[in-house]
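Quick note: numbers below take in every heavy atom, side chains included, and nothing from hydrogens, waters or symmetry partners.
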Amino acid sequence: MTRNLYVHFPFCRSRCSYCVLHSRMGTDPADRLRYVHGIAAEVSRLEREGLISRDEPLSTVYFGGGSPALCDLRPVFGALAPFIDSAGGTEFTVELHPLDSSRDTLAMMRDGGVNRISMGVQSLDDAVLSDMRRGCTADESARAFALAREYFDNAGIDLIVGYPCEKGDRSRYEALSSWGLAHCSLYSLILEPESILAKRIERGKSAAPPDDEWTMDELARVGGVLESIGLERYEISSYYAKGRECRHNLATWRGEDYIGLGEGAYGRVGLRRTYNPPGGKPQEVTEVDEAADLKERTFFRLRTREGIDATRFPQWIAELDRFASEGLLVRIAPSVYRLTRRGCEVCDSILESL
């Protein structure tokens, strides 16, 4: 059985300046409800095909977006209920925009089995939030998160650093000490060529992002603030309070299977890789061979504090030892290597070299 499920909800109020993910803007409630009922039908299909079972509850469920809470999620909650361990054995996450943090919405999600919230705060700088087109201020995000914490102990946020108009201000991040964070995902801005931001920069309507050195320093500085308030780094971009790792993301990085439902969602089950194109097009399925499958499932462990085990890839050892000699990796077992703090900054380069 496949025990991890990702469901994508592509609905947004407006497109953020940095985003190029598939999304639907300006859709009406009836369109969103049709989408939700379609996802509920897909859950039934998964059971018929033996991919999920009532006898073996899902380990993790993750609703991503987009803004899932723009939808009435109750039909999907009902379809998933037989596959959820209501005693807490299933980690059930929903991504939440601060503007969706209302008592009615939060109660609906709690009653539907959700037990973890990931709020897309993105910045604590009002000028940045405005330029990102997020539609809320830092104070509004703080109030939205405080309300979410009344319903969910396990609640965290996402932050992005390296935005063009960002100014380093430690005091803004130190305010997080009062938020009661269980988790924080901390990312550097990726300037996607087709994004609104990139096109504005190209036309001279926006400044370019700060250079990589500034961004790396800022990531380290904000990470230091998170550690000072009791969060530990367990993955390149993720910090957690004890016992509050995102189990869904860990399952992906550890190479476990996961099913993807909804427009734009990817999945990995055995040797099959799936992608659900927008517009009602048929699911795209590719098959990889066993060697490529093993390599993929091994690779992403380097992102975590558990490190990468090269036992089955002896051809990697010399290169991994070289990175260790440069202070980017540390060997923690005969064939197991973990990133150092400096190595976290260049993980992609290390993986490319392998």
Side-chain angles (χ1 to χ4, degrees), residues 16 18 69 91 93-103 105-106 109-110 114-132 134-163 165-189 210 214-250 303-305 339-342 344-345:
C16 296
Y18 52 83
E91 177 195 81
T93 303
V94 173
E95 290 185 352
L96 189 68
H97 191 291
L99 295 177
D100 294 323
S101 187
S102 69
R103 291 194 179 278
T105 296
L106 293 164
M109 293 193 297
R110 182 191 59 193
V114 177
N115 53 25
R116 182 176 183 275
I117 292 296
S118 179
M119 183 174 287
V121 171
Q122 312 308 8
S123 178
L124 301 180
D125 184 320
D126 285 347
V128 171
L129 288 168
S130 177
D131 204 74
M132 286 178 167
R134 293 293 291 165
C136 59
T137 66
D139 283 346
E140 288 168 339
S141 294
R143 289 194 292 272
F145 188 80
L147 182 60
R149 284 279 287 111
E150 292 183 25
Y151 290 80
F152 299 96
D153 289 336
N154 194 357
I157 64 173
D158 290 355
L159 292 172
I160 297 173
V161 304
Y163 199 83
C165 56
E166 183 177 351
K167 298 179 179 63
D169 185 350
R170 185 181 179 90
S171 63
R172 284 197 182 97
Y173 295 108
E174 288 175 342
L176 293 172
S177 62
S178 64
W179 283 42
L181 294 177
H183 193 277
C184 182
S185 294
L186 179 63
Y187 304 106
S188 60
L189 174 73
W214 188 95
T215 300
M216 290 300 104
D217 287 346
E218 187 71 356
L219 284 170
R221 194 168 63 81
V222 179
V225 172
L226 295 172
E227 290 172 344
S228 75
I229 63 175
L231 302 187
E232 293 184 27
R233 190 179 197 175
Y234 71 102
E235 187 268 339
I236 289 176
S237 304
S238 302
Y239 295 76
Y240 79 116
K242 285 290 188 183
R244 299 300 195 183
E245 304 99 322
C246 178
R247 284 167 40 199
H248 181 84
N249 288 344
L250 272 177
R303 293 183 59 95
T304 73
R305 64 181 177 184
L339 291 167
T340 63
R341 186 177 293 271
R342 190 157 66 91
C344 287
E345 300 174 1

Between E218 and R221, is there a side-chain N and carboxylate O pair less than 4.0 Å apart?
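Yes, E218 and R221 are salt-bridged.
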How long is the gap from [atom1] on [X] to [atom2] on [Y], to the nearest 0.5 Å?
{"X": "N249", "Y": "S185", "atom1": "CG", "atom2": "OG", "answer": "6.5 Å"}
{"X": "S238", "Y": "Y187", "atom1": "OG", "atom2": "OH", "answer": "5.5 Å"}
{"X": "L250", "Y": "E235", "atom1": "CG", "atom2": "CD", "answer": "8.0 Å"}
{"X": "D126", "Y": "D131", "atom1": "CG", "atom2": "CG", "answer": "12.5 Å"}
{"X": "S123", "Y": "D158", "atom1": "OG", "atom2": "CG", "answer": "12.5 Å"}
{"X": "R305", "Y": "L339", "atom1": "CZ", "atom2": "CG", "answer": "13.5 Å"}

Set of residues satisfying side chain to side chain contact (heavy atoms under 4.5 Å, CB included) with respect to R233, sequence neighbours excluded
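Scan of R233 (side chain to side chain contact (heavy atoms under 4.5 Å, CB included), adjacent residues dropped) gives E227, I236, Y239, R341, C344.
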Chi angles and distances behind the side-chain contact (heavy atoms from CB on, under 4.5 Å) call for V161, Y173
CA-CA 11 Å; V161 304; Y173 295 108; 4.0 Å; yes
Walk me through whether R110 and V114 qualify under side-chain contact (heavy atoms from CB on, under 4.5 Å).
CA-CA 5 Å; R110 182 191 59 193; V114 177; over 6 Å; no
Using modelled atom types and a 3.5 Å cut-off, is there a donor and acceptor pairing between side-chain atoms of [X] and backbone atoms of [Y]?
{"X": "S130", "Y": "A127", "result": "no"}
{"X": "N154", "Y": "A182", "result": "no"}
{"X": "Y234", "Y": "C246", "result": "yes"}
{"X": "E245", "Y": "R247", "result": "no"}

[X] and [Y]: which non-hydrogen atoms are nearest, and at how many Å?
{"X": "L129", "Y": "A138", "answer": "CD1-N, 3.4 Å"}
{"X": "R134", "Y": "P98", "answer": "NH2-CD, 4.1 Å"}
{"X": "S101", "Y": "L106", "answer": "OG-CD1, 3.6 Å"}
{"X": "T215", "Y": "G162", "answer": "OG1-CA, 3.8 Å"}
{"X": "L231", "Y": "H183", "answer": "CD1-C, 4.5 Å"}
{"X": "L159", "Y": "L176", "answer": "CD1-CD1, 4.1 Å"}

Working for side-chain contact (heavy atoms from CB on, under 4.5 Å), residues H97 and C136:
CA-CA 10 Å; H97 191 291; C136 59; 4.2 Å; yes
Taking only residues two or more places apart in sequence, or in another chain, which ones meet F145 in a ring-ring contact (aromatic ring centres under 6.0 Å, His included)?
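Here the qualifying residues are W179.
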Apply salt bridge (Lys or Arg N to Asp or Glu O under 4.0 Å) to R172 and E166, showing your working.
CA-CA 12 Å; R172 284 197 182 97; E166 183 177 351; over 6 Å; no
Stepwise side-chain contact (heavy atoms from CB on, under 4.5 Å) check, R103 with Y151
CA-CA 9 Å; R103 291 194 179 278; Y151 290 80; 3.3 Å; yes
Residue pair Y18 / Q122, side-chain heavy-atom distance below 4.5 Å:
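Y18 reaches Q122 side chain to side chain.
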Would you say the side chain of E232 lies within less than 4.5 Å of the side chain of Y240, judging by non-hydrogen atoms?
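Yes, close enough: below the 4.5 Å cut-off.
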